[in-house]
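A short write-up of the structure that comes next.
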Amino acid sequence: MLEFADIHHTDRETLFVEVILPLAIAKNYTYRVPFQMNDAVAIGKRVVVQFGKSKLYTAIILSIGNQAPEKYEAKYLLDVLDDRPVVTERQLQFWAWLADYYLCNLGEIMNAALPSALKLASETKIELNKGFEFDKSLLHDKEYLIVDALEIQPELTVGDIVKLLGQKTVMPILKSMFEKNIINISEEVSERYKPRKKTFLMLNAIYHNQENLKELFPILEKRAPKQADALLAFIKLARTQKNISKNELIEESGAGDASIKSLIEKEIFIAEERNVSRLYLDDDEFSSDFQLSEQQQNTLTDIKEQFNTKDVILLHGVTSSGKTQVYIRLIEEVINSGKQVLYLLPEIALTTHIIERLRQYFGSNIGVYHSRFNDNERVEVWQKVLNHEYKVVLGARSSVFLPFADLGLIIVDEEHETSYKQFDPAPRYNARDAAIYLGAMYQGKVLLGSATPSFESYYNARTNKYGFAELTERFGGVELPQTEVVSITEETKKKTMQSHFTSVLMEDIKRALANKEQVILFQNRRGYAPLLMCKICAYTPKCINCDVSLTYHKSSGKLHCHYCGYKEDAPSICPACGSTHLEYKGFGTEKVEDELSMLLPEARIARMDMDTTRSKNSLQNILNDLEEKKIDILVGTQMVAKGLDFADVTVIGVINADSLLKYPDYRANERSFQMLAQVSGRAGRRGKQGKVVIQTYDPNHRVIKQVIENDYKDLYLTEMEERRSFKYPPFYRIINLDIKHKTPEILNNQAEYLANELRKNFGDRVIGPEFPLVVRIRNYYIKSIMLKFERDTVSINRAKAIIRDTITQFQTTKLSKGSIVQPDVDPI
């Protein structure tokens, strides 16, 4: 491989380039470079190639040489798209490690890593950028033709444009049009990150003159008394605070939105919309010269000292202990030394307050990268990171793929979160683990933060592989919430249950509402009822594509499959026996919301789950309403456990803890503790002690007791004994193989064959094949093979090489026809 640089070649020298195509193919392909492009090629640049019969792809140059491929005749490159590489040598090294570690191909890594606009292919869809005005007379002939065609047909593929222009080399034209903002890449045009906005009011300068103000009051009192109340309330508020928001004034004055609107129209008030933080923090706490508490300062000093000898440190800090402020101090030091920082979050959508907060400190030095951005924005962030314009990047798991120049620190916040793991499609990587390799590659440091660390990270800290630091107190001396466990069985016997709510929870909700405080209720299942069943013959409607029962959703009146999205009308008569006695079993968030609105008709209730947050800005609107106290009770799934930070939430109710605890998975207790502790952590975060009510059929369950006592260490020690006995992580490494086929009989034969081939090398380390909990998804039947390897005595690299060879050998047999084999390394 030649050096990573633009290399000048003699004009008549025949060069060949090995490229990565954005396809799941096992080997990279080699192309011949036309003489006139010899000086243009360089490792990391994008090139246009033809692959297959007539399909065009954007590929990345991996290496340059003089050697022609032996087994096939190399086709010519069609074009070089870049003046300078868009992928760095270190990134290519990182891609190679990921492909090797997670048993996938470089093309799959490229697909996950690059924004769509950087990997145009024949099937890529192009559309006009409707929000951008341009002068058509300034377009070249070919650009004019493309714009003309897109005005007639709003969406065209790259293949269509090839036919339209009658030439193969259309990528440079499209690249140029994309850079001029004329076109969008439609497959990635999705919801944009919206900053939190708030309307602030100021008094018109005319009325700073007391005489003018005195004249105004009698007029308003006579004609519009509500407007006079609002003006009076404004003057009162202005004595004690600098910024007055529209919502504060409405609450203080009792005047409606219409009165404030009239005062704005009369130009008595001047309205200004500003980006604000979601945190309830005073301006002095918000400024960059905030003071760390003694505990925070000691922890920061400890982390910095440990970084002298350790590359990775685990920070175990209770919920609301002020981890973010410690992160900010570390980030300041790293960017002052001229290096970059990557701050990873499990779900950006729910942690926009951190974005706003960091922007207060680091201004335009901070970039945000995440799949809800449209493609133009993602390419812009990519280029700015490449040019070292961003010192700090805040992002979800895909931001590990950005082209950093000099990465000094990676912070992985809430490192236990399952959102860091990609499930489908390949690469099935864990961003936390990938970040640790990335940090080592750049000789940077990694800080993992969590109130409930994953057992793997905690084990690594206890065995001295990682450093370890703690924050044991909540910031500002706020107490951890009081937790009460209520037995559903006992309350059912006493007949004190109201629908799904115990008397204890109902009393606490009513008390909070009377005190104008807010409540969050957690139920980890969406929809109205998970099961529709016939009382006579026990018939249950099933999905036509998956082996699961359908969930009833009252909002749509339909039965939904949560795996493939299939929907059908809810029957009123049993299709099997004709009975009309159909009943709904179980309950989801929709039913909780529905029944609560009947029990508490005065309360303003909202729901936060996948169904209510699909549309653009819907999640943002729910969070805004909660902050502005337009919501009294928020009912939600696990989304409510992540990153919410509101001053007036004082009661948390867990409707049914058993659905978490009884899940058939070796991680069930760990996950339940994490979920319950994180949900509980949403209560009483600003001065007031919160209250958590956990409803369960099993109040003596060990995990529930550990949650009440906030005893993570006891949970860890008891679970570790079981993990050691039953050969689970962190003592063993697990690799799962899912085999899929549309015919169950063929699948059985395929899975048995593959398992037997693996047993020849690994013996009883191979478990299965077995059907998973859900046997069929999207018309594919599934069988799983699990492989367990001792962490210390088995070479995992050697084992992976054998697994890869065995899968390849299986795929060469006739038996494998129609099958899909999906390896998952370190499943969670």
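Reckoned from all heavy atoms, side chains included, excluding hydrogens, waters and symmetry mates. No experiment lies behind these values; they were computed from the predicted model shown.
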Next item on the list: Give the intermediate values and the outcome of side-chain contact (heavy atoms from CB on, under 4.5 Å) for residues Phe731 and Met720.
Entry: CA-CA 9 Å; Phe731 305 104; Met720 282 295 111; 3.8 Å; yes
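- Note on Arg702 versus Glu719: salt bridge recorded, some NZ/NE/NH1/NH2 to OD/OE distance being below 4.0 Å.
- For Lys445 (side chain) and Phe307 (main-chain N/O), a donor-acceptor pair under 3.5 Å exists by modelled atom type.
- For the pair Gln674/Thr418, no side-chain contact is recorded, criterion being any heavy-atom separation below 4.5 Å from C-beta on.
- For OH of Tyr666, the number of neighbouring non-hydrogen atoms (other residues, nucleotides, ligands) closer than 6.0 Å is greater than 12.
- Ion pair Glu790/Lys727 not flagged as a salt bridge, since none of the NZ, NE, NH1 or NH2 atoms sits closer than 4.0 Å to an Asp/Glu carboxylate oxygen.
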Next item on the list: Take Ile735 and Lys800, measure what side-chain contact (heavy atoms from CB on, under 4.5 Å) needs, and give me the verdict at the end.
Entry: CA-CA 9 Å; Ile735 297 174; Lys800 284 177 186 170; 4.0 Å; yes
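- Asp433 is listed as a side-chain neighbour of Tyr102, based on a closest heavy-atom distance under 4.5 Å.
- Residues Asn524 and Thr637 bring no donor and acceptor atom of their side chains to less than 3.5 Å of each other.
- Judged purely by distance below 3.5 Å, without hydrogens or angles, the side chains of Asp714 and Gln706 pair a donor atom with an acceptor atom.
- For Arg525, the CZ atom counts as loosely surrounded, since its 6.0 Å shell holds 12 or fewer non-hydrogen atoms of other residues, nucleotides or ligands.
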Check: Under the ring pair (Phe, Tyr, Trp, His ring centres under 6.0 Å) criterion, do His316 and Tyr712 qualify, and how do the steps go?
Finding: CA-CA 10 Å; His316 183 196; Tyr712 175 86; 5.2 Å; yes
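- The local environment of CG in Asn308 is crowded, with over 12 non-hydrogen atoms from other residues, nucleotides or ligands closer than 6.0 Å.
- Partner of Tyr716 under the ring pair (Phe, Tyr, Trp, His ring centres under 6.0 Å) criterion, out of Phe673, Tyr458, Tyr459: Tyr458 alone.
- Looking at Pro769 and Ile739, their side chains never come closer than 4.5 Å, going by heavy atoms from C-beta outward.
- Between the side chain of Lys323 and the backbone N or O of Gly317 there is at least one donor-acceptor pair closer than 3.5 Å.
- In terms of the ring pair (Phe, Tyr, Trp, His ring centres under 6.0 Å) criterion, Tyr563 has no residue partners (sequence neighbours excluded).
- Inter-residue side-chain proximity for Leu292 and Arg329 is flagged as met; some heavy-atom pair is nearer than 4.5 Å.
- Geometric assessment of Arg432 against the ring of Tyr420 yields a negative cation-pi assignment under the 6.0 Å and 45° thresholds.
- Within the 4.5 Å cutoff, the side chain of Val87 has no heavy atoms near those of the Pro403 side chain.
- Looking only at side-chain heavy atoms (C-beta outward), Leu754 and Arg759 stay at 4.5 Å or farther from each other.
- For the pair Lys421 and Tyr429, the cation does not sit on the ring face, since its NZ or CZ is not both under 6.0 Å from the ring centre and inside 45° of the axis.
- Note that CG of Leu315 and OG of Ser450 are 9.0 Å apart. Values are rounded to the nearest 0.5 Å.
- How far OG1 of Thr299 is from CD of Glu294: 10.5 Å, rounded to the nearest 0.5 Å.
- Side-chain contact between Ile785 and Leu758 is present, with heavy atoms from C-beta onward closer than 4.5 Å.
- Panel note: side chain Gln422, backbone Arg428; no donor-acceptor pair is recorded below 3.5 Å.
- Counting only distance, with no hydrogens or angles, the side chain of Glu484 and the backbone of Ile694 share no donor-acceptor pair below 3.5 Å.
- The environment of Tyr697 atom OH is sparse: at most 12 non-hydrogen atoms of other residues, nucleotides or ligands sit within 6.0 angstrom.
- One N or O on the side chain of Gln296 and one on the backbone of Ser293 form a donor-acceptor pair closer than 3.5 Å.
- Around atom OH of Tyr442, more than 12 heavy atoms belonging to other residues, nucleotides or ligands sit under 6.0 Å away.
- If you run side chain to side chain contact (heavy atoms under 4.5 Å, CB included) between Pro453 and each of Glu415, Glu670, His416, only Glu415 comes through.
- At most 12 heavy atoms of other shown residues, nucleotides or ligands fall within 6.0 angstrom of atom CZ in Arg798.
- At distances below 3.5 Å, at least one donor-acceptor pair connects side-chain atoms of Arg397 with backbone N or O atoms of Ser419.
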Next item on the list: Could you please spell out the steps behind the ring pair (Phe, Tyr, Trp, His ring centres under 6.0 Å) verdict for Tyr732 and Phe789?
Entry: CA-CA 5 Å; Tyr732 280 70; Phe789 299 105; 9.2 Å; no
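- Looking only at atom types and distance, the side chain of Asp302 has a donor-acceptor partner in the side chain of Gln306 under 3.5 Å away.
- Remark: Lys310 is not positioned above the aromatic ring of Tyr466, lacking an NZ or CZ atom under 6.0 angstrom from the ring centre and at most 45 degrees off the axis.
- Arg723 places a side-chain N or O within donor-acceptor distance of the main-chain N or O of Pro729, the cut-off being under 3.5 Å.
- The shortest distance between side-chain heavy atoms of Phe401 and Ile109 falls below 4.5 Å.
- No more than 12 heavy atoms of other residues, nucleotides or ligands shown are found within 6.0 angstrom of CZ on Arg724.
- Proximity of a side-chain donor or acceptor of Asp100 to a complementary backbone N or O of Ala96 within less than 3.5 Å is not detected.
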